[in-house]
Number of protein chains: 2
Amino acid sequence: MARWAPGTRERLRAAAMELFEERGFTATTVPDIVERAGLTKRTFFRYFSDKREVFFGDDEIPAIATRMLAEAPLDVPPLDVVLVGLRTLAQQRFEPRRSAIRAARRVIDAEPALRERDLRKQADLREAVRAGFVLRGEDPLTAVVLAGVTVELFEAALGQWLADDSDTPLAEHLDAATQRIRSVVGDGGTETGVSRPRSAWPTRRSGRRAASP
Amino acid sequence: MARWAPGTRERLRAAAMELFEERGFTATTVPDIVERAGLTKRTFFRYFSDKREVFFGDDEIPAIATRMLAEAPLDVPPLDVVLVGLRTLAQQRFEPRRSAIRAARRVIDAEPALRERDLRKQADLREAVRAGFVLRGEDPLTAVVLAGVTVELFEAALGQWLADDSDTPLAEHLDAATQRIRSVVGDGGTETGVSRPRSAWPTRRSGRRAASP
């Protein structure tokens, strides 16, 4: 019983998650949670400021991103900084907690207030990545685009990973999402010449493309 | 649908926006707004369900996206569908209202509850685009990546356009953001071999992979 630090947090989280799944988020109270966990309200509030926080214990992620961006050598290409960072996050913070994250996601998806909070978390990460790339010397547009790509890659990979019943690691879903975003933005008709939009439909004129890899 | 008295809606919106800028969002009431506009509360509630809605009158955007995705011929490459759609939205719904949108953005940025609502709007658009691409026959990962790219391109372009004091149209900012996302995702060292992360920097650690399938 001595090791109350990580164990207690996880016990509270597990009890809360069980109840959220059984009764729904709204119907579950903090007293219910501590009763199920066999702990006191005081203990609960030492770890979480309210029951929404049970889902969002990983709010350190933007701070981690800031640190990773500051520590990566300046000659590492920006997308590698992103991919190495996401892969590290995946392995250290997500991979070991897949079933807990999956349960949390079900509750979040069913509860609009939690969905908004989840979106704010994504926005906080986006902002941390943007600011980090500005500090690395990227121009404002590049920084904002990199931040957007970071969040979308991670969310896409996370969604696939949580939906996937095989044991494919999150890092592999990240690789797949990265390949997909490359082919999607490189693949406009402009690049492949598959076909041009019909003239009846408002077409996009002029084949612009960036230097290809 | 857009036939009913755009004048009244705009009058209410303009009055609200003036007050939000003068007094802040929280301190402004619906009675204040209708007084400033010289209209009645009843009229206000015919157009907006509450004062937050003043900012989010363009909630039809996800429905517009759904329609555009359904109407674009199936042989149009996905990224062209996205770019034509965003360009059309930009020209029809954003370009004519730049100063109003800029004022609204200042109020939104200062008010956390409005920022969360704005994020939810983006999420609704993302979901509409994802679902639209699934209906067009894209696989789930491609659809989600396309949806993410759509939202990030539009948000990046919008941010640049609102910050830009020249008269550069939003559509040009969209082109710039598109070029940028292409160069950013195409440029990763991993594909181009430009450079590998130094070994001193936490590279993809091999040791940690979960069992692969």
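In the text below, chain A, chain B and the rest are named by the order of the sequence lines, each starting its count at 1. Please read these numbers as outputs of a predicted model, since none were measured by experiment.
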| Is any NZ, NE, NH1 or NH2 atom of the basic residue among A:Arg87 and A:Asp80 found under 4.0 Å from an Asp or Glu carboxylate oxygen of the other? | no
| Using non-hydrogen atoms only, which part of B:Asp118 is less than 4.5 Å away from chain A: side chain, backbone, both, or neither? | neither
| Part of A:Ala171 lying under 4.5 Å from any heavy atom of chain B | neither
| query | Heavy-atom distance under 4.5 Å to chain A: side chain of B:Arg130, backbone, both or neither? | reply | neither
| query | Given that the side chain runs from C-beta out, which part of A:Ala157 has a heavy atom under 4.5 Å from chain B: side chain, backbone, both or neither? | reply | neither
| task | Report yes or no: do B:Thr142 and A:Arg180 form a side-chain donor-acceptor pair below 3.5 Å? | result | yes
| query | When only pairs under 4.5 Å are counted, which of A:Leu119, A:Leu141, A:Val149, A:Leu170 shares the most heavy-atom pairs with chain B? | reply | A:Leu141
| message | Quick one: does any side-chain atom of A:Arg120 pair with a main-chain N or O of B:Glu116 as donor and acceptor, under 3.5 Å? | response | no
| Is it the side chain or the backbone of B:Ala176 that comes within 4.5 Å of chain A heavy atoms, both, or neither? | both
| message | Between A:Glu53 and A:Arg117, does any side-chain N to carboxylate O distance fall below 4.0 Å? | response | yes
| query | Any ion pair linking A:Lys41 and A:Asp32 (charged N to carboxylate O, less than 4.0 Å)? | reply | no
